[in-house]
Amino acid sequence: MAGHGADEHPHGADRLCEAGDRVYSRAVRRGRVPRRDAEPVPCLLELALLHPDPDDMDRLVPTPPQEVMTRLLRGMHDEVSASQRRVGSAVAAVEWYAGLGRQVRPAEPGAEGPAIRVLEGLARIQAAVDEATQACTTEVLTVQPGGIRREAELSEGLHRALALRGRGVRMRDLYTHVARHGQGLLTYLELMGDAVEARTLDEVIDRLILFDRTVAFIPANSDRTMALELRHPALVAYLVTVFDRLWRLAIPLTAPLPDTGIEGISHREQSIAALLAEGHQDAVIAERLGISVRTCRAHIARLSETLGAASRTQLGVRIAQAGLDGPQRSATPLTLPGQESPSVR
């Protein structure tokens, strides 16, 4: 069948696929094969095991097996030579680093590694986090911004979380309220049982991971391709304090979000109203609450409709009248369009 790509035959001449083996063997026995026989196995042409017959372009002739063997042995020789050169370079590099190590002044007794390390690249960051995970014995604290957690992301880290649970490590996770709507998070927490406690807030700080209150990881740039590994006791203690205070303000995932006290306005819309009152743009509000800009604008439209505002300026006034421009508090009931004023009894 035409249309097969080389990606379906990821091998070299030293390990032909079953279909390629059959066609090449037939070509060797018969001296040539019709071109259509090789259409399902483009690997034979790409590996130069078959090539067009100069006398008949509709047929393919095989490269002699002896020539293929010579080519393979030459390739093996080249690979071995390259490996030997790499080993020689590595040995020389080890000797050089060993020489530098002898020049370093011994650390004071009880001293640890650097208080702050810059980790560049996702692989390096993950390796450092894995190392801290393996050394953790008591507690992990995390802040997870960004709204609904992807199920693939949760599944990828599940084996590490299960290993921590197996060692009796307790985990506390902070998310935004939006994360409550992700089935992946609910499944993850069900699998982890009482080893993990989760709470949510309208908005949280950027990503933070704390192990045993001794080492912390925070992002070092906006796209999170760099991170800081912090082991300075004062810095780590400060971050633990920030986490603990956010934790006390947060709402357990098993508890419902509080009612706004205003019919037709959800808790999320109350949060958006407060941020609008502070003068934030839609994109900033969306990022802080872990929702998309489109979703944010849909909530703003519902706010405007519920509060009877015909413009953003009027919406700001209505938000203030409703008491939605700051922390939730008992506000004077707002008479919305189409509603009668409540009677005082």
Side-chain angles (χ1 to χ4, degrees), residues 90 93-94 96-98 100-147 149-150 152-176 179 185 188 192 195-199 201 203-247 250 287-288 290:
V94 168
W96 184 75
Y97 282 113
L100 286 179
R102 287 191 290 270
Q103 301 172 26
V104 176
R105 185 177 63 184
E108 296 294 331
E112 297 182 355
I116 301 177
R117 281 202 304 167
V118 180
L119 308 172
E120 185 168 3
L122 297 179
R124 182 69 190 92
I125 295 171
Q126 190 59 63
V129 172
D130 286 345
E131 182 179 344
T133 301
Q134 292 167 6
C136 182
T137 59
T138 306
E139 178 187 56
V140 179
L141 311 176
T142 73
V143 177
Q144 304 287 359
R149 302 290 307 282
R150 293 180 302 145
E153 181 181 352
L154 290 165
S155 298
E156 182 182 348
L158 181 60
H159 68 284
R160 288 186 289 270
L162 290 172
L164 288 167
R165 187 187 70 172
R167 299 200 300 272
V169 175
R170 305 290 298 175
M171 289 163 268
R172 288 191 286 157
D173 299 334
L174 272 173
Y175 302 92
T176 60
L185 176 59
Y188 165 77
M192 293 300 296
V196 175
E197 186 178 356
R199 295 187 181 185
L201 284 165
E203 52 181 310
V204 297
I205 58 175
D206 210 339
R207 194 175 304 278
L208 168 66
I209 310 177
L210 284 154
F211 293 96
D212 286 342
R213 304 192 175 213
T214 57
V215 56
F217 295 90
I218 61 173
N221 61 357
S222 59
D223 60 3
R224 295 177 181 165
T225 57
M226 294 178 65
L228 297 183
E229 179 185 310
L230 307 175
R231 293 182 180 272
H232 192 289
L235 286 174
V236 174
Y238 178 83
L239 292 173
V240 170
T241 299
V242 169
F243 180 92
D244 283 340
R245 292 187 180 179
L246 289 174
W247 184 259
E287 181 181 3
R288 287 176 61 165

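These values consider heavy atoms only, across backbone and side chains, with no hydrogens, waters or symmetry-generated copies.
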Pair Asp223-Thr225, side-chain donor/acceptor within less than 3.5 Å: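 There is such a pair (donor and acceptor under 3.5 Å, judged by atom type) between the side chains of Asp223 and Thr225.
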
Between Gln134 and Asp130: side-chain donor-acceptor atoms closer than 3.5 Å: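 Their side chains do not contain a donor-acceptor pair, so the 3.5 Å distance test is not met.
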
Side-chain donor or acceptor of Asp212 paired with backbone N/O of Thr138 under 3.5 Å: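 Yes: the side chain of Asp212 pairs with the backbone of Thr138.
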
Short side-chain to backbone donor-acceptor contact, Arg117 and Glu229, under 3.5 Å: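 Not a single qualifying donor-acceptor pair exists.
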
Distance-minimising heavy-atom pair for [X] and [Y]:
{"X": "Leu174", "Y": "Ala250", "answer": "CD2-CB, 3.5 Å"}
{"X": "Ala128", "Y": "Leu119", "answer": "CB-CD1, 3.5 Å"}
{"X": "Val204", "Y": "Tyr175", "answer": "CG1-O, 3.8 Å"}
{"X": "Phe243", "Y": "Val143", "answer": "CD1-CG2, 3.7 Å"}
{"X": "Leu122", "Y": "Arg224", "answer": "CD2-O, 3.4 Å"}
{"X": "Tyr188", "Y": "Val196", "answer": "OH-CG2, 4.2 Å"}

Verdict with supporting geometry, Glu139 and Arg172, salt bridge (Lys or Arg N to Asp or Glu O under 4.0 Å): CA-CA 8 Å; Glu139 178 187 56; Arg172 288 191 286 157; 3.6 Å; yes

Does Arg167 have any side-chain contact (heavy atoms from CB on, under 4.5 Å) partners at least two apart in sequence or in another chain, and if so, which?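 side-chain contact (heavy atoms from CB on, under 4.5 Å) check on Arg167 returns Cys136, Ala163, Leu164, Val169.
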
Would you indicate whether Gln126, at its atom CD, is surrounded by more than 12 heavy atoms from other residues, nucleotides or ligands within a distance under 6.0 Å?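 Yes.
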
